[in-house]
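To start, the structure under review is shown below, and the notes come after it.
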Amino acid sequence: MEANPSTMISTTPTLTPDSTLGEIVAARPAMARVFERLQLDYCCGGRQTLAQACARAGLDPQTLLAALAAAGEAVASEVDAAGMTLTELADHIEQTHHLYVKSELPRLVEMAERVARKHAWRDARLTEVWQTVGALADEMLSHMQKEEGILFPFVRQIDAGTGDGFHCGSIANPIRQMEAEHESAGKATARLRELTNGFLPDTEACNTHRALLAGLLEFESDLHRHVHKENNILFPRTIERASRN
Ligand SMILES: [Fe+2]
Ligand SMILES: [Fe+2]
């Protein structure tokens, strides 16, 4: 089994403009909140540096560093994913994020259908919201099936030192495929954000419409944390471990 990194690393890496967003959130989960608030992509875009993210978003790096320092003092509500073994992290992702997606998406699809059927006559975008949530549900369920049925069992074998080859030839190929699917899910939630004015209800929105928007906002935030744990922690560490086994 992989040695617990928290026992090997005694200090948190120093924060600089060259730190990547993925590294920052892996070392300090509380900082994800700052990135969420500023809509900086730390999951699929986790390889960009703080300086690059600031340049793209038109932000001052010093102001962002100050906000991150303040977040670092806040109590982190997120688990310490970077301190887990590969097996612990795969189990954690399945038992929290995957369970949440499986229970939440059917509810969101059902609400999106009801809202579109009732109110699309006054806002045609609601039909696209329904279609987008439906397509996202199909994609995510098939994606998680591949992770749970193929990739994660192999991750656990690598962690136990018994993974002696992957039937696709390399662990990097299925991981690349999972990362491409994360991009696609991220684009779907970004489109939903556009179609709903940032998940904000208008004054005429009924209770179901409001519940749908609140649910989509929460889903987007969970997806960011879920993808971050896979793209920035689980996948690179699995590739690194596989190369050593
Ligand atoms: Fe996943
Ligand atoms: Fe995934």
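Whatever order the structure lists them in is the order used to number ligands and atoms, beginning at 1. Atoms considered below: every heavy atom in the structure, side chains included; atoms not considered: hydrogens, waters and symmetry mates.
Angle OE1(Glu230) to the Fe ion (ligand 2) to NE2(His182), rounded to 10°: 90°.
The Fe ion (ligand 1) has no N, O or S atom of His97 under 2.8 Å away, backbone or side chain. In summary, no N, O or S atom of His143 is located under 2.8 Å from the Fe ion (ligand 1).
Contact of the Thr87 side chain with the Val155 side chain is not registered, since no non-hydrogen atoms from C-beta on lie closer than 4.5 Å. Two residues are said to be in side-chain contact when any heavy atoms from C-beta on lie closer than 4.5 Å; Thr238 and Phe154 fail this criterion.
Atom OE2 is the N/O/S atom of Glu147 found closest to the Fe ion (ligand 2).
Each of Lys146, Glu147, Glu139 was evaluated against His143; a single residue qualifies, Glu147, per the side-chain hydrogen bond (donor to acceptor under 3.5 Å, both in side chains) test.
Between His97 and His92, the ring-plane angle classifies as perpendicular under the 30° and 60° cut-offs.
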